[in-house]
Amino acid sequence: VNMSKGTVVLAYSGGLDTSCILVWLKEQGYDVIAFLANIGQDEDFDSARKKAENLGAKKVFIEDLRSEFVEHFILPAVQANAVYEDRYLLGTALARPCIARRLVQIAQKEQAEFISHGATGKGNDQIRFELTSYALYSDVKVIAPWRIPEFYNRFKGRKDLMEYAQKNDIPLPITPKAPWSMDANLMHISYESGVLEDPKCSAPTDLYLMTKNPDEAPNVPDVLEIEFKNGVPIKVTNVKAGSSKDKPLEMFMYLNEIGGKHGVGRIDIVENRFIGMKSRGIYETPGGTILLQAHLDIETFTMDKEVRRIKQGLGIKFSELVYNGFWYSPECDFLLHCINKSQENVEGKVQLSVYKGQVYILGRESPKSLYNEDLVSMDKQGDYDPCDASGFIRVNSAIRGALGFKSKRNLNQIV
């Protein structure tokens, strides 16, 4: 009997690639522990467990990370209004550090010195998995088969994987593969490669799985009220039905359901990958899109103008760090603290209507509002004297002072 080369924890999806990788790692002499995260994808977890066991995994961990994904990853991104290159809501980029953190915890608990993943050598995910792993477990060694010549020269395409699977009694996918690849989680589904690599080739209508085509969406909108505290949603109410949700996972799933029903959150973009190439991606993020619009609204209503301006720049920087895989870096940790600090007064309720692929804001209210109806009214003079040049400084300082802006140099004394 050959001595084992050591134990490797494999980020296992249950699909063809990682099933072949599991068997290949065993062939190379490793003991393999399979880890499958439930982050909201549509998967038969029981059969995935049996499959991994039958393929020779020494242990199989299947863990429900959905609540953790919402509370520790999606909601901080909502606070940040995190959008990469003005359009992408980072569904995959946010999920990777969540999965990788657990992967590393299992590796440490099982005293495994290796981890492995099935991410391609051309994509972002390899970097996201590995930077998280090194940040949290600095001595870990990463086995990335799609960057190992003897692996990728042997498996040049899907046909080679299928042949290997047949030879090694790996169950083949029952359904024929769609001519693109997809990654699904609670926040979004992304579609890329295959026929989508031609950037002018439109997405087939049957591609989208999370959202209805807006053409076929209901002719009656759903009206929601979303209540925020510290920049995160604490309650979602369907105004007509009178029903509400108040737990993070349930709220997010409900927003996905409403957004999906009305075809909200579809984008088709060409983006810049971290490793230096452009790629075409199609994404659907129904609940995340509704939350972004609602949060932007309540934030501008309750946040000081100058704080918001700085915070907006931090949000862009944060989005780039997350996209590039730096969730666990010191600079990202610093940004998360700053963004969280900016959200102290971001509370209140936003009413909105979801209809035919769009989110329409209807109104908002907040005990922390910085909106002064008397001051802004066209029918009242209020405290604002347009003839007095110092009026602007006085009013600006008075408003910001009343709303918690305290300065050692009181602007009122300058004027």
Side-chain angles (χ1 to χ4, degrees), residues 39 65 67-102 104 124-138 185-188 228-234 248 252 269 271-276 283 285 287-289 291-347 368 370 404-405:
I39 43 165
L65 303 182
S67 287
E68 190 177 312
F69 181 36
V70 175
E71 291 168 43
H72 299 166
F73 296 88
I74 296 176
L75 293 185
V78 168
Q79 289 180 309
N81 304 320
V83 183
Y84 178 70
E85 292 187 339
D86 303 314
R87 294 184 288 180
Y88 172 42
L89 270 55
L90 296 164
T92 297
L94 289 162
R96 295 316 188 198
C98 179
I99 299 166
R101 171 166 76 177
R102 194 71 197 109
V104 160
N124 295 306
D125 286 329
Q126 54 178 344
I127 296 161
R128 295 165 181 160
F129 275 122
E130 292 173 31
L131 287 181
T132 296
S133 302
Y134 292 136
L136 301 179
Y137 178 12
S138 57
N185 63 42
L186 189 71
M187 189 175 181
H188 84 165
F228 287 87
K229 184 139 177 54
N230 294 323
V232 296
I234 55 167
F252 200 80
I269 65 171
E271 72 201 59
N272 289 295
R273 284 186 184 164
F274 184 38
I275 50 166
Y283 303 97
T285 316
T289 300
L291 267 186
L292 173 67
Q293 297 302 328
H295 180 266
L296 277 167
D297 190 84
I298 199 69
E299 185 176 77
T300 306
F301 193 49
T302 54
M303 186 181 282
D304 177 76
K305 173 187 172 186
E306 297 305 326
V307 173
R308 185 182 185 279
R309 215 158 148 187
I310 293 169
K311 187 258 177 188
Q312 192 173 16
L314 297 181
I316 292 170
K317 185 68 196 162
F318 172 76
S319 306
E320 289 168 0
L321 288 173
V322 171
Y323 183 88
N324 292 340
F326 288 83
W327 181 277
Y328 289 105
S329 65
E331 63 272 36
C332 193
D333 185 52
F334 171 68
L335 281 184
L336 278 164
H337 276 83
C338 296
I339 289 162
N340 193 41
K341 167 77 180 159
S342 77
Q343 301 294 292
E344 285 172 348
N345 293 321
V346 180
E347 66 178 82
K368 301 276 178 75
L370 299 194
F405 170 75

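All values below were derived from every heavy atom in this structure, side-chain atoms included, with hydrogens, water molecules and symmetry-related copies excluded.
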Does the side chain of Tyr84 reach to within under 4.5 Å of the side chain of Val322, using non-hydrogen atoms? no
Measure the spacing between CG of Leu65 and CG of Leu186 and express it to the nearest 0.5 Å. 11.0 Å
What's the separation between atom CZ in Phe274 and atom CG in Leu321, rounded to the nearest 0.5 Å? 9.5 Å
Looking at every non-hydrogen atom in both residues, tell me the closest pair between Gln79 and His295 and how far apart they are. O-CE1, 3.3 Å
If you measure from CG on Leu335 to CD1 on Ile316, what distance do you get to the nearest 0.5 Å? 11.5 Å
For the student: nearest non-hydrogen atoms of Val104 and Ser133, plus distance: CG2-CA, 3.5 Å
For a side-chain hydrogen bond (donor to acceptor under 3.5 Å, both in side chains) with Arg96, tell me which candidate from Asp125, Asn185, Thr132 qualifies. Asp125
Test log, rule side-chain contact (heavy atoms from CB on, under 4.5 Å), inputs Gln126 and Ile275: CA-CA 10 Å; Gln126 54 178 344; Ile275 50 166; 4.3 Å; yes
Do you know the tightest heavy-atom contact between Glu347 and Thr302? O-CG2, 3.6 Å
If you round to the nearest 0.5 Å, how far is CG of Asn272 from CD of Glu85? 4.5 Å
Closest approach of Met303 and Ser342, non-hydrogen atoms and distance? CE-O, 3.1 Å
Would you sort out whether Val78 and Val232 count as a side-chain contact (heavy atoms from CB on, under 4.5 Å), showing the intermediate values? CA-CA 7 Å; Val78 168; Val232 296; 5.8 Å; no
Give the intermediate values and the outcome of side-chain contact (heavy atoms from CB on, under 4.5 Å) for residues Leu131 and Trp327. CA-CA 9 Å; Leu131 287 181; Trp327 181 277; over 6 Å; no
When rounded to the nearest 0.5 Å, the distance separating CE of Met187 from CG of Leu291 is 8.5 Å
Would you call the rings of Tyr88 and Tyr283 parallel, tilted or perpendicular, where under 30° means parallel and over 60° means perpendicular? parallel
If you take all heavy atoms of Ile99 and Phe129, which pair is closest and at what distance? CG2-CE2, 3.9 Å
Taken to the nearest 0.5 Å, the spacing of Gln343 CD from Leu75 CG works out to 11.0 Å
Applying side chain to side chain donor-acceptor pair (under 3.5 Å) as the test, list every pair that has at least one member in residues 309-318; sequence neighbours left out. Glu299-Lys311
Set of residues satisfying side-chain contact (heavy atoms from CB on, under 4.5 Å) with respect to Ser329, sequence neighbours excluded: Phe326, Glu331, Cys332
Regarding Glu68 and Arg102, does a basic nitrogen lie under 4.0 Å from an acidic carboxylate oxygen? no
State, with a plain yes or no, whether a side-chain heavy atom of Ser319 is found less than 4.5 Å away from one of Leu90. yes
Closest approach of Leu296 to Asn81 (non-hydrogen atoms, all atoms of both residues): CD2-ND2, 3.5 Å
Taking the six-membered ring of Tyr323, is the NZ or CZ of Arg128 close enough (under 6.0 Å from the centre) and on axis enough (within 45°)? yes
